[in-house]
Every structure is written in structure tokens, then in C-alpha cells.
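Lettering follows sequence order; numbering is per chain, from 1.
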Amino acid sequence: MDKQKKQWLKLMGAALKKAAEDKGLDQSEFTDRIIVEHPPRPEMGDLAFPMFPFAKDFRTAPPTIAAAVIEALGEDIPGTVKTAGPYVNVFLDRSALIADLIADSSDETYGTSDLLAGQKIMVEFSCPNTNKPLHLGHLRNDAIGESISRILMASGAEVQKVNLINNRGVHICKSMLAYQKFGEGVTPESSGRKGDHLVGDFYVKFNQWSKEDETAEAQAQDMLRKWEEGDKGVVALWELMNKWTIDGISETYKNTNISFDRYYYESDTYLSGRDEVVKGLEAGVFYKDEDGSIRLDLSDIGMDTKVMLRSDGTSVYMTQDLGTAIARHGDFPFDRLIYVVGAEQEYHFQVLFHALKKLGYSWADMLFHLSYGMVNLPEGKMKSREGTVVDADDLLKTLSDMASEEIRNKDRAEAVGDVEETGQKIALAALHYFLLQVSPYKDMIFNPKESLSFNGNTGPYLQYMSARISSMLEKFEEKKEDYAGISPDYSVLSSDAEWELVKNLSSYPSAVRTAAADLNPSAVACHLYDTAKSFSRFYHDCPILGSDDKVLTVSRINLARAALQVLKNGFELVNIPFLSKM
RNA sequence: GCGUCCAUAGCUCAGCUGGAUAGAGCAUCGGCCUUCUAAGCCGAGGGUCAGAGGUUCGAAUCCUCUUGGACGUACCA
């Protein structure tokens, strides 16, 4: 559709100019002000050009201009035009557009572009703590980060996905301490408990214990100090338990199709961050406060001061992020670094970016905080203390089980083959679609009862449509000989349902472009829903294999194939597994 | 207090750079399985786009104020 839009913009520009000349006006910048739209109802046309903006220049009512423009367009145009009050509505040459679509959408490159060619973009996301398993909030982060990365790649950028493991700090020591006291040597192997959950259990245990024993917090601090000093026993335990957690979390990543090109560990970067702060102090960017801490003065951007290094010389979150950013630019000289991090850390990133700028790093302007909203429950925030946190693995398991049960209830077990595997893929579709259909920056509500549905505007609905197309195409392949030598004729695809589907499929690339420009996967997710819905209507209204007209069958098959390709390509971008059967 | 963000159907969410009668799903009610998978399709009801001003030929969209909410304003991450 892009091609046609551009073509019509040009035609419309020329026509406006001609109409202006006829009136004795000389307005050469008309073309910049032309707006293309889509009429609200299909029977009104495919493209709409409002004439309001030119009313002043022409000193005429828009409908009159519309008529003049149509006059100026003449007869020799690819399609037909009609005035609709102040609008010039265009009806595109359908068969030409369909032929273009079929040709363009033949493979996985449909929807990709070179919009960001040559750009190196680093995307940071997930960033778990190593003291507990992932929860629903992480799943949103992961879904956004992974999807954004894929969308940017599809737009031609060279993308590096990075994860920062927060494996250092007193919260880690709390799990360790509880393990020392109550663990009795239990391991993930001996208990059969997934490593991250096992470590998380001890984190919970610590919090219970600290209520009874008021020295608990101090003991944890003491352990952190020992860790920083390199105490062998503490470091060994730290390494062991970190491995458990990371192994467990990695399994969750694997189950959700999330991956990283590179891992950074806070334990590696906090020291280099400290060096940077010291350098910054010497350079006069930072200053030493009366209390001994090293700070950044932010009064120039209307904020207070911020601690870069504690008075005892230990590092804070900021210290570490400073070191990490600098290390990253060395590893991968990015044109853009996108931090996918919750909105509650906006202040932190403002300070971080400002600090880097003041330290003289020219690339500080290329840092971007993709600030996303929280996932809340109907009763409010998820609170670990109240045990209302939705665990990622539990949620996935619940969804998978529900999907598997659904398969059996519908007597599809035999058709799909591996019920459990299919169930997992349906679960992923449900989850990722649910998380990505919402604009990232908005808070969202997860209602377990309602959100776990597989009907309606959901991921499984999208999968269902792709599965139906697949099995139909399979059937077509079986009787392919019957259609040998039959060529498609797209002028036979004249129903509303077909045309709506064609228009949707044609605008898929622009949905991907929007998603890339706005860093918003929901543009793709929502477009795919429209695709599935359009296909569904087409499929319902238009017999394909059942038609006696072989030309019609072949033409519709090609359209269905295009729909499947769009769904498949889009699924890849929003991390929804494709199923040929369900 | 100050700062940032949000407010669209009973609920969960779309609504592209301002444009024609504001859209989906869920829920409610009513149709459709002798025909390509009913996880489907079709239809009905449901809206003062939080409120008030303003800009504009034209506002859910831009500006100002008010109200309600979230988050932040740590030598936590």
C-alpha cells in the first residue's frame, strides 16, 4: 500500500498545483501540506485526501477545491476518485495492489526494512536480582525488551541484547545467610527445587527470621563486607548460590524464548564504576561532600545532589551503572543504548545520563530510558511481603496446563501431536500477546481470572487463525495437481472481506515501521489482531477449497498464503510461537 | 511540597502526524456447526473520551487550569 500511497500523494500534489494555477495562484509548497488518510468506512474509498488545509489559499470552500482537484487529475489515473464533501476519496486499482501484495509477501522478509541500516543499537533488559525467581513484572520487561530488539533488527539495525545481572549487594547476602543458618546443605538437585526458587525460599526465610532476631540485618551487612573483602567462604557460597539462581532464571528465559547476546555482571562492573567516580572527582565533575560521600551537583538541571560513592567508599547503584555504561560503549560502540527499565527509575536514569554527559562522554546523548509501566493486580500492587507476587514460572505452568486441557477437551490431542509442547506454545502466545498489546509506558492490570482466557482478543486467537490457514494450505497441496496450469486472477477477489484483508496485509510493513520508530511492540501486536480478524471474516465468507471456480480458489489460496506470511512474520516480532496445528 | 506520567463502554485495552458516525475483547442478550478446525462467525444493547476553559474550519488527540490516581523526590536496587 506504501507504493500506492506515495504514487497518489504525487498525483494529488500535481493536481492541486494545477488547480491552483487555473485559479491564478502560485503555491508551490502545497505538496508538503497534503494529508493522506483512510476513510472511516470502506465503501467510501481506500484513501482520503481532506481539502480543508487549502481552503484559505484558494479562498474557496473545501468541497469546491475537491471538485477542482478531481477535474485536474484527469482520466489517466490508477484507480478512481470521488468527492465526498471536503474530501477527495480514492478507490485504488485493486488487482494491481493485490498482485503487488502477493509478490511482496512471499517470504519472511515482508515487513523488514533498511530504515535503521548501519545503526548499532544495544538493548538492555531483564536485569534480575540473583536472590529470587522472576515474577510477572520481569515477564513484561522481557517481553518488551525482546520484542523491541527483534523489531529494530527487522528494521535493519545491528542489535545487541544485553542483560545486567544484579548479583551483588546486601539482598543477595540475605539469602546466603539464611541458607547458612537453615539450609542444611540442601541443593536444587537434592530437593528437586528449581535453583532460583530455592534461593528465593531462603530470601523469604531471612525476612521471617529477621523479625525474630534483630541482629539479622547487621549480620547480612557484615557478610556483604566480608564478600567485598574477598572472604573465601563467603565468595564460594555466593558463587554457588548465584549459579543456582542464574541457572533457574536461564531456564525461564529458555521457556519464554528470551535470549541475550551478552551478559554483564554487577560484580564485574562496580569496581570500574568506582574508578570512574574517582576520575570524575579529580576532574572536578563530582565533589566531596562534608559527610565524605562523593556527589554530583544537579542544580544546573533543577535537581538536588546525588551520591555517586558512599562515604565509606562502597558503591551504589549509580556507581555500578556508570561503570557498566562505559564498559558497554567500549565493547559495542552503539549509536543508541536503550534501557528497558521500569518507570519508577526515571530519576535514576536522568541522573546517570547527566553524569555521563558531564564526564565528557559524547555518546551520553544516545542513551534512552524506555520507561515502561507496572503490572498491577485488580486489588493493587504486587507485594512480596503479602505474597501477592505472581511468579513467572507458576504463571507459565498454569497457562500451559490450561492450554493442554483445552486441547484435550476439544479432542485435538491427536491432531496436534505433542499436547504438552503445544500447550506451552499456546501459553507463551497468551502471555506475550497480553503483555505486548498494551502500550509499554502505561501501567496495566493483570486479572488472573480474566487474563488467562484464550478466546477473543488474545494470543491463542492469532495462533488459531494461523493454524487454520496452515492446515488449509496443506490440504490444497494434496490436491495441487487439480489446479495445475491455473493462474490466479486477482480481479475475482472483489468482496469486502477480501479487500479488507488485502488492505490490512498491505499495511503490515508500516505497522512495523511505527513500532520501530515509537519503540512500541503494541503497534505490531494490535495490527496482527486486525489481520487475524480480517482473515477470519474472509475465511468465513469466502469458500476457498470448496469453490468450483479454480481460478478463484487459486487466487484466494494466494491471499491466504500472504495472510499466513504476515502472521508468521509478525509472530516472530512479538515472540508468539507459530503453530501449524492446534 | 516539588517533579514525571496516567484518566476513553460495567471490566481490560486500541485509537498513526489534530479530520467524516470514537473502536476491539470480556461480561450481558440473541442468532450460526450435513460445507476448508465453533479457541470461530454474525447481530443487539452499552460513551458528556474525568471536568472546565482555550487554539483551530475541525480536538479523545495540542495548550492552560481543576479533580482523581500511580510513580519518583535514599549513602536501596
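- Looking at heavy-atom distances under 4.0 Å, A:Ala523 makes no contact with the nucleic acid at all.
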What string of B, S and - do you get for nucleotides 23-38 of chain B 5' to 3' if you count protein non-hydrogen atoms under 4.0 Å?
-SSS---------BBS
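- Look at OH on A:Tyr441: it is 7 Å from P on B:A7, rounded to the nearest Å.
- Residues A:Ile144 and A:Phe125 form no side-chain contact, since every pair of their non-hydrogen atoms from C-beta on lies 4.5 Å or further apart.
- Partners of A:Glu37 by salt bridge (charged side-chain N to carboxylate O under 4.0 Å, His left out), not counting sequence neighbours: none found.
- With C1' as the reference atom, B:U12 and B:A27 are 11 Å apart, rounded to whole Å.
- In this structure, A:Glu37 reaches the bases: a heavy-atom distance under 4.0 Å links it to at least one base atom across the strands shown.
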Where each pair must be Watson-Crick or G-U wobble with both distances under 3.5 Å, what dot-bracket representation of RNA chain B is obtained, with crossing pairs in [ ] and other-strand partners as |?
(((((((..((((.....[...)))).(((((.......))))).....(((((..]....))))))))))))....
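- Applying the ring pair (Phe, Tyr, Trp, His ring centres under 6.0 Å) definition to pairs two or more places apart or across chains, those involving residues 447-470 of chain A are A:Tyr461-A:Tyr529.
- Residue contacts for A:Pro53: at a heavy-atom cut-off of 4.0 Å it reaches a base atom on one of the strands shown.
- Nucleotides B:G68 and B:G30 are separated by 42 Å at their P atoms, to the nearest Å.
- A salt bridge links A:Arg33 to A:Asp57: one of the charged nitrogens lies within less than 4.0 Å of a carboxylate oxygen.
- Between A:Tyr461 atom OH and B:A39 atom C1' there is a gap of 10 Å when expressed in whole angstrom units.
- Taking A:Glu406 as the reference, A:Lys410 meet the salt bridge (charged side-chain N to carboxylate O under 4.0 Å, His left out) condition, with sequence neighbours excluded.
- Surrounding NZ of A:Lys174 are more than 12 heavy atoms belonging to other residues, nucleotides or ligands, all under 6.0 Å away.
- Legend: residues meeting side chain to side chain contact (heavy atoms under 4.5 Å, CB included) with A:Val204, ordered by chain and number and at least two apart, are A:Gln208.
- For A:Lys442 and B:C5, the shortest distance from a side-chain N or O to OP1 or OP2 is not below 4.0 Å.
- Looking at A:Phe476 and A:Leu545, their side chains come closer than 4.5 Å, going by heavy atoms from C-beta outward.
- Looking at heavy-atom distances under 4.0 Å, A:Ser439 makes contact with sugar-phosphate atoms alone, never a base.
- Within the structure, every side-chain polar atom (N or O) of A:Ser536 is placed at least 4.0 Å from both OP1 and OP2 of B:G40.
- Taking atom P on both nucleotides, B:C2 is separated from B:G58 by 35 Å, rounded to a whole Å.
- Straight-line distance between the C1' atoms of B:C26 and B:U35: roughly 30 Å, to the nearest whole Å.
- Using atom P as the reference point in both B:A50 and B:U61, the two lie 8 Å apart (nearest Å).
- Exactly one of A:Val554, A:Leu559, A:Ile557, A:Leu493 qualifies for a side chain to side chain contact (heavy atoms under 4.5 Å, CB included) with A:Pro488. That residue is A:Val554.
- Contact annotation for A:Asn89: base contact, defined as any heavy-atom pair under 4.0 Å involving a base atom.
- Annotation: salt bridge (charged side-chain N to carboxylate O under 4.0 Å, His left out) contacts involving residues 300-316 of chain A, sequence neighbours excluded, comprise A:Asp300-A:Lys358.
- For the salt bridge (charged side-chain N to carboxylate O under 4.0 Å, His left out) test, no residue two or more places apart in sequence or in another chain qualifies with A:Lys132.
- If you check residues 427-437 of chain A against RNA chain B, the residues with a heavy atom closer than 4.0 Å are A:Gln437, listed by number.
- With P as the reference atom, B:C49 and B:U8 are 11 Å apart, rounded to whole Å.
- Side-chain contact between A:Glu474 and A:Lys581 is present, with at least one heavy-atom pair separated by less than 4.5 Å.
- The salt bridge (charged side-chain N to carboxylate O under 4.0 Å, His left out) search around A:Arg225 returns A:Asp222, A:Glu229, not counting sequence neighbours.
- Nucleotides B:U48 and B:U4 have their P atoms positioned 31 Å apart, rounded to a whole Å.
- Within the 4.5 Å cutoff, side-chain heavy atoms of A:Gln345 are placed close to those of A:Tyr317.
- The residue A:Arg537 sits close only to the backbone: its heavy atoms come under 4.0 Å of sugar-phosphate atoms, none of a base.
- Applying the salt bridge (charged side-chain N to carboxylate O under 4.0 Å, His left out) test to pairs two or more places apart or on separate chains, those with a residue in residues 530-548 of chain A are A:Arg537-A:Asp541.
- Sequence order on RNA chain B of the closest nucleotides to A:Asn447 and A:Pro460 puts A:Asn447 first from the 5' end.
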Per-nucleotide protein contact string for nucleotides 70-77 of chain B (B base, S sugar-phosphate only, - none; heavy atom under 4.0 Å):
SSSS-BSB
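- The same atom, C1', is picked in B:G40 and in B:G45; the two are 23 Å apart, to the nearest Å.
- B:C33 adopts a syn glycosidic conformation, its chi angle falling within 90° of 0.
- In this structure, CZ of A:Arg408 is placed 16 Å from C1' of B:A39, rounded to the nearest angstrom.
- The listed nucleotides are B:A39, B:A20, B:C6; the one nearest the side chain of A:Met44 is B:A20.
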